[in-house]
Amino acid sequence: DILDDPNDYAIIEGIIGLSNSFNREIIAEGVETTEHGLMLLIMGCYQAQGYGIAMPMPPLEFKHWLSHYTPNQAWITCAHKVRTLKENKIKLLRLTLTQWQKNVEATLQSSPDTIQHLPILKKTECHCGVWVRRVRKEHLLDENSLQKLENAHNLMHDIADNLFKKYQQGELDSAREGIKELQIAAKNMQNTLDQCE
């Protein structure tokens, strides 16, 4: 849940840091999506396995798979791009922000009896809320930029909170109609991030 949960992110970040401190190689398991791979690459983990690369296969099929394998172009591009610490942090936030938005929209489009877990709705506990606190401590952005990000983030969460209240009260159509407003707020958040780069 590295894309969804800041606590999982912190665990992975700590493991990568420990591996670097002790000069150990590290391989991420369970990489299922392009976004998982991008996040790990930006964090400094360059080896992985998982369904995002290949499904388990019998040994006799491996040679054929290997000769026909096409590496994920987004991963190759990311791995070869040199970024500053600030650029890396913004890229990580963009990935998690997009994931959060997808999860909110998918949940609102789902039937209430099929929901297994909700996206993080508490604005201080989602990736962005944690990110803003960390970046403020690290002085990577000026206070004016951080305040603009916080305002955009709060607006996005306020809209999501309102939509989930409607959803939980059984006003599904009204909640789903509000997704457009959430998308506009998320776009505003991405535009605010553009100004920080």
Side-chain angles (χ1 to χ4, degrees), residues 1-83 85 87-111 113-135 153 157 160 164 186 189-190 193:
D1 290 332
I2 189 173
L3 284 161
D4 302 302
D5 189 339
N7 293 325
D8 284 13
Y9 171 87
I11 291 167
I12 301 300
E13 184 180 44
I15 291 169
I16 292 170
L18 280 171
S19 73
N20 291 337
S21 296
F22 289 101
N23 198 27
R24 301 280 190 227
E25 288 188 30
I26 189 166
I27 296 177
E29 295 185 6
V31 176
E32 296 185 0
T33 66
T34 295
E35 292 77 13
H36 280 134
L38 290 172
M39 198 155 190
L40 288 161
L41 284 166
I42 294 165
M43 293 173 73
C45 179
Y46 304 107
Q47 296 182 57
Q49 65 182 51
Y51 291 171
I53 299 166
M55 301 293 279
M57 67 186 78
L60 295 175
E61 292 178 18
F62 177 74
K63 186 176 179 182
H64 177 358
W65 172 83
L66 187 60
S67 64
H68 292 87
Y69 176 68
T70 303
N72 185 312
Q73 191 58 49
W75 294 347
I76 291 171
T77 302
C78 180
H80 290 100
K81 183 164 171 97
V82 177
R83 290 184 197 79
L85 177 62
E87 289 170 332
N88 276 340
K89 298 246 179 199
I90 289 173
K91 178 73 173 164
L92 288 170
L93 179 56
R94 283 186 190 283
L95 286 166
T96 58
L97 179 63
T98 300
Q99 178 75 9
W100 180 85
Q101 180 186 351
K102 279 187 209 170
N103 287 342
V104 169
E105 290 179 19
T107 302
L108 292 171
Q109 295 288 4
S110 301
S111 172
D113 57 343
T114 62
I115 306 274
Q116 300 203 351
H117 67 45
L118 293 173
I120 296 175
L121 296 173
K122 191 169 181 183
K123 60 182 87 172
T124 57
E125 294 179 9
C126 72
H127 268 293
C128 186
V130 171
W131 187 91
V132 168
R133 277 197 312 275
R134 289 181 78 177
V135 167
H153 174 244
H157 265 277
F164 271 102
M189 181 76 181
Q190 294 282 7
L193 277 172

| query | Between CE of Met189 and NE2 of His153, what distance do you get to the nearest 0.5 Å? | reply |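 Going from the CE atom of Met189 to the NE2 atom of His153 covers 6.0 Å.
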| task | Hey, could you give me the CG/CG distance between Leu108 and Asn103, rounded to the nearest 0.5 Å? | result |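 The CG atom of Asn103 is 11.0 Å from CG of Leu108, to the nearest 0.5 Å.
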| message | Could you work out, with ring pair (Phe, Tyr, Trp, His ring centres under 6.0 Å) as the rule, every residue matching Tyr46, not counting sequence neighbours? | response |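 If we apply the ring pair (Phe, Tyr, Trp, His ring centres under 6.0 Å) test to Tyr46, skipping adjacent residues, there are no hits.
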| Among all residues two or more places apart in sequence or in another chain, which pass the salt bridge (Lys or Arg N to Asp or Glu O under 4.0 Å) test with Lys89? |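 With sequence neighbours excluded, Lys89 shows a salt bridge (Lys or Arg N to Asp or Glu O under 4.0 Å) to Glu138, given in chain and number order.
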| Taking only residues two or more places apart in sequence or in another chain, which ones pass salt bridge (Lys or Arg N to Asp or Glu O under 4.0 Å) with Arg83? |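 If we apply the salt bridge (Lys or Arg N to Asp or Glu O under 4.0 Å) test to Arg83, skipping adjacent residues, there are no hits.
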Any side-chain heavy-atom pair of [X] and [Y] under 4.5 Å:
X      : Y      : answer
Cys45  : Ile12  : no
His127 : Leu92  : no
Leu93  : Cys128 : yes

| message | Check whether His157 reaches the backbone of Lys122 with its side chain - one donor and one acceptor, N or O, closer than 3.5 Å. | response |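 No; zero donor-acceptor contacts below 3.5 Å.
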| field | Donor-acceptor pair, side chain of Ser19 and main chain of Ile16, under 3.5 angstrom | value |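 Yes: the side chain of Ser19 pairs with the backbone of Ile16.
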| request: Hey, could you give me each pair passing side chain to side chain donor-acceptor pair (under 3.5 Å) that has a residue in residues 58-71? Not counting sequence neighbours. | output: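 Applying side chain to side chain donor-acceptor pair (under 3.5 Å) to every pair that reaches into residues 58-71, excluding sequence neighbours, yields His64-His68.
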Without placing hydrogens or testing angles, list every side-chain donor-acceptor pair under 3.5 Å for residues 34-44, not counting sequence neighbours.
{"from": "Thr34", "atom 1": "OG1", "to": "Asn72", "atom 2": "ND2", "distance (Å)": "2.9"}
{"from": "His36", "atom 1": "ND1", "to": "Glu32", "atom 2": "N", "distance (Å)": "3.3"}
{"from": "His36", "atom 1": "ND1", "to": "Thr33", "atom 2": "N", "distance (Å)": "3.3"}
{"from": "His36", "atom 1": "ND1", "to": "Thr33", "atom 2": "OG1", "distance (Å)": "3.1"}

| side-chain hydrogen bond (donor to acceptor under 3.5 Å, both in side chains) with Asp113: which residues, sequence neighbours excluded? |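 Asp113 satisfies side-chain hydrogen bond (donor to acceptor under 3.5 Å, both in side chains) with Ser111 only.
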